[in-house]
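We name chains A, B, ... by the order of the sequence lines, and we start the count at 1 in each one.
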Amino acid sequence: DVKVTQSSRYLVKRTGEKVFLECVQDMDHENMFWYRQDPGLGLRLIYFSYDVKMKEKGDIPEGYSVSREKKERFSLILESASTNQTSMYLCASRYPSGRFSYNEQFFGPGTRLTVL
Amino acid sequence: DQQVKQNSPSLSVQEGRISILNCDYTNSMFDYFLWYKKYPAEGPTFLISISSIKDKNEDGRFTVFLNKSAKHLSLHIVPSQPGDSAVYFCAAIITGTASKLTFGTGTRLQVTL
């Protein structure tokens, strides 16, 4: 069964703290993604990685960085958390996309991060 | 620039009736479209998809229609059930190895008894 897990379901941090969000997939997928979901804004892509040690900026990368040292693990780092980074963070993975297949992304359960 | 738009933030439908969720896109290079369903405090789950070479795809109670000339797709749920109450996101992609999904802002569907 397809599985994407995220290290925490709920997290509370203080402004200025360094925050690590971990994501692990067991499907041998090459592509991995980090999104945040905010009311009225939908899912916005922060960063993605199409292979180990590869990373690409998404639509809203400011204030975030990522790490992909192993194929199954993709970490999102908030170098200095701010209150406007309070959000639901979602990780996803996928095989490389194709014309008629492999476009489906599998999502983890999400991490609700609150920055005080 | 919102390339994928869901103009209805919410929709309420009676149980047993048809739910129609709409999605518009602006980028004519998109060649594959997906619908995801999301319950509160859970990650989105894939529902149904359609390639740009088709105009309809059906899976049980769910049917997606694609009108390429209008750059419009819709998701039909027939009959609607209370368990269908969730937020629905449409997404589009230009297929390729390193391509990414572009999501709409979501429509909250409530199916009432």
Side-chain angles (χ1 to χ4, degrees), chain A residues 1-6 8-10 21 23 25 27 29-51 54-61 88-113, chain B residues 1-10 21 23-25 27 29-54 57 59 62 64 66 73 86-108:
Chain A
D1 197 14
V2 164
K3 199 140 190 193
V4 180
T5 56
Q6 294 183 229
S8 305
R9 294 301 300 271
Y10 300 93
L21 302 181
C23 175
Q25 51 96 2
M27 297 163 284
H29 285 169
E30 292 182 15
N31 299 169
M32 294 187 76
F33 306 83
W34 275 106
Y35 295 87
R36 61 179 283 177
Q37 184 201 357
D38 300 288
L41 297 176
L43 289 159
R44 294 182 293 166
L45 182 65
I46 304 170
Y47 265 97
F48 67 105
S49 167
Y50 52 87
D51 209 340
M54 303 289 194
K55 59 184 178 183
E56 293 284 338
K57 291 180 180 179
D59 300 317
I60 50 164
M88 168 71 91
Y89 288 88
L90 294 158
C91 174
S93 72
R94 183 192 70 191
Y95 284 116
S97 81
R99 184 71 175 88
F100 300 113
S101 62
Y102 305 135
N103 294 301
E104 176 188 349
Q105 290 181 6
F106 297 89
F107 283 85
T111 296
R112 170 71 64 186
L113 173 66
Chain B
D1 178 29
Q2 191 75 27
Q3 296 188 67
V4 179
K5 300 178 186 178
Q6 293 176 257
N7 292 317
S8 298
S10 63
L21 294 90
C23 180
D24 295 294
Y25 62 96
N27 191 340
M29 298 296 292
F30 288 138
D31 61 352
Y32 202 90
F33 304 88
L34 305 90
W35 283 93
Y36 279 82
K37 174 179 178 179
K38 186 181 185 299
Y39 293 118
E42 293 183 15
T45 55
F46 170 73
L47 196 56
I48 192 168
S49 63
I50 188 166
S51 165
S52 59
I53 64 169
K54 295 185 176 181
N57 189 27
D59 184 1
F62 303 91
V64 56
L66 175 63
L73 65 154
V87 177
Y88 290 79
F89 293 98
C90 69
I93 188 171
I94 304 168
T95 55
T97 303
S99 55
K100 55 190 173 89
L101 289 175
T102 299
F103 283 87
T105 52
T107 296
R108 181 177 300 279

### Query
chain A heavy atoms under 4.5 Å from B:L101: which part of the residue, side chain, backbone, both or neither?
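Both parts, backbone and side chain.
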
### Message
Could you work out, with salt bridge (charged side-chain N to carboxylate O under 4.0 Å, His left out) as the rule, every residue matching B:K38, not counting sequence neighbours?
### Response
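Counting only residues at least two positions away or on another chain, B:K38 forms no salt bridge (charged side-chain N to carboxylate O under 4.0 Å, His left out).
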
#### Entry: pair B:C90-B:L34: side-chain heavy atoms closer than 4.5 Å
no

### Task
Check whether the side chains of A:Q105 and A:Y95 place a donor and an acceptor atom closer than 3.5 Å, and report yes or no.
no

### Residue pair B:S49 / B:Y32, side-chain donor-acceptor N/O under 3.5 Å
yes

### Summary
Heaviest contributor of heavy-atom pairs below 4.5 Å to chain A, chosen from B:G106, B:A91, B:P44, is B:P44

Answer with side chain, backbone, both or neither: which region of [X] has an atom nearer than 4.5 Å to a non-hydrogen atom of chain B?
| X | value |
| --- | --- |
| A:R9 | side chain |
| A:L41 | backbone |
| A:D59 | side chain |
| A:Q6 | neither |

### Message
Shorter than 4.5 Å, heavy atoms on both sides: which option in A:E104, A:R112, A:M88, A:M54 has the most such pairs with chain B?
### Response
A:E104

### Task
For the residue pair A:F48 and A:F33, categorise the inter-ring angle as parallel (less than 30°), tilted (30 to 60°) or perpendicular (more than 60°).
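Because their plane-to-plane angle is under 30°, the rings of A:F48 and A:F33 count as parallel.
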
### Query
Would one find more than 12 heavy atoms of other residues, nucleotides or ligands at under 6.0 Å from atom CZ of B:R108?
no

